[in-house]
Amino acid sequence: MTRGFFIAVEGVDGSGKSGVVRGLVAALTARALPVRATREPGGTPEGEQLRALLLSGGGEGWAPRAELLLMTAARVQHVERIVRPAVAAGEILVSDRYVGSTIAYQGAGRGMDEGLIRDLHATMCDDLWPDLTLVLDVDAATGLSRSRRRLAADALDEGRFEALDLAFHERIRASFRAQAAAAPARHIVIDASGAPDDVQAAAIGAVADFLQRSVDHGS
Ligand code: TYD
C-alpha cells in the first residue's frame, strides 16, 4: 500500500482555516481520495480534553512553559494515535494547525525559545513534519476583527487566545511567514485576505498541484 500524506493548515486566528479544511475535504472526497480532517490541539479524546483546558481561560491563564507542554502532550497523542496510522494506511490527513502553531504562538507570541520548541518536537513527536503546510496569510488586524465577529456571533468560550493583543498577532503572522520562507519546499503561502470562496479555491488548487507533483515524482 502506498503511503498517504499529512497536510497542515496554519494561520492567524480569523484566517479562514476551518473553511479551508472543510473545502479541502469536500474537494478531495469528490475526487474519490481517502481524506480526513483533524485538528490541534485535539484530534483524540485526550487531546480534546486538553484543548478544553487550554482554551477555557479563567484565572491568570497558563504559564507559557505549561502551555507549551500541554500543547505538546496533545500533539504526542495525536501523532501516535491519528497521524502516523492514517498516513501509514494511505490516507490524506488534513490537520487544522500543527507544530507550526506552537512555534508561532508559544514561540513568537509568548516568547518561548524556538530551538527548545523544535527540540521538544524532535524528541516527543519523532520530528514528524507535515508533507505540506498551507499558511493562510492575512494581516493580523483583519484576522482579529473577523474572529471577534465570529466569537460574538457564536458566543464561543474559546476567546482566550483571540483576546490577546494586536502586537501578539502580528508576531504570529510574521512567524508563519518566516517558517514558510525557511522551508519553502514544504510550505505554500496563500493570500487569505479575500473572500472565503476565493481562499478555499486557492487552497484546493495548491493541494491538487502538490498531490499531482508527488504522484509524478513517484513518492
Ligand atoms: P483554533 O482551532 O484555530 O481556534 P478556532 O476554533 O477559533 O479556529 O486554535 C485554537 C487556539 O489554540 C488558537 O488561538 C491557537 C492556539 N494554539 C497554540 O497556541 N499553540 C498550538 O500549538 C496550537 C495547535 C494552537
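Whatever order the structure lists ligands and atoms in, that order sets their numbers, starting from 1. Residue indices begin at 1 and follow the sequence shown.
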>> Quick check on the hydrophobic clustering: are F5 and V20 connected, directly or via other members, by side-chain heavy-atom contacts under 4.5 Å?
In response: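 Per the 4.5 Å side-chain linkage, F5 and V20 are co-clustered.
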
>> For residues L53 and L69: do they belong to one hydrophobic cluster (side chain heavy atoms under 4.5 Å, members Ile, Leu, Val, Met, Phe, Trp, Tyr)?
In response: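 As far as the 4.5 Å side-chain criterion goes, L69 and L53 are not connected within one cluster.
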
I need the atoms of ligand 1 closer than 4.0 Å to a non-hydrogen atom of [X], numbered in the order shown.
X: P41; value: 23 (C), 24 (C), 25 (C)
X: E40; value: 24 (C)
X: K17; value: 1 (P), 3 (O), 8 (O)
X: R51; value: 1 (P), 2 (O), 4 (O), 6 (O)
X: D13; value: 13 (C), 14 (O)

>> Hydrogens and angles aside, do S18 and R39 bring a side-chain donor and acceptor to less than 3.5 Å of each other?
In response: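 The criterion, which ignores hydrogens and geometry beyond distance, is not satisfied for R39 and S18.
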
>> Just by distance, no angles: are the side chains of D127 and H121 close enough, under 3.5 Å, to form a donor-acceptor pair?
In response: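 No pair is found: no donor N or O on one side chain lies under 3.5 Å from an acceptor on the other.
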
Looking only at heavy atoms, is any part of [X] under 4.0 Å from ligand 1, and if so is it the side chain, the backbone, or both, or is it neither?
X: A104; answer: neither
X: V99; answer: neither
X: R39; answer: neither

> Quick one: does D96 get an N or O within less than 3.5 Å of an N or O on ligand 1?
Replying inline: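 No, since none of the N or O atoms of D96 sits under 3.5 Å from an N or O of ligand 1.
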
>> Under 3.5 Å between any N/O of T102 and any N/O of ligand 1: does that happen in this structure?
In response: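 Checking ligand 1 against T102, an N or O pair does fall under 3.5 Å apart.
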
>> Going by the closest heavy atom to atom 19 (O) of ligand 1, which one wins out of R75, H78, Q106?
In response: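 Closest candidate by heavy-atom distance is Q106.
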
> Under the 6.0 Å and 45° cation-pi test, does R110 pair with Y105?
Replying inline: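 Cation-pi check for R110 and Y105: fails.
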
>> I'd like to know if E114 pairs up with R118 as an ion pair, taking the criterion as any Lys NZ or Arg NE/NH1/NH2 lying under 4.0 Å from an Asp or Glu carboxylate oxygen.
In response: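 So E114 pairs with R118 through a salt bridge.
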
> Ion pair present between D139 and R173, side-chain N to carboxylate O less than 4.0 angstrom?
Replying inline: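 The answer is no: the pair does not qualify as a salt bridge.
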
> In terms of heavy-atom contacts, does CZ of R65 have more than 12 from other residues, nucleotides or ligands at under 6.0 Å?
Replying inline: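 No, because the 6.0 Å sphere around CZ of R65 holds 12 heavy atoms or fewer from other groups.
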
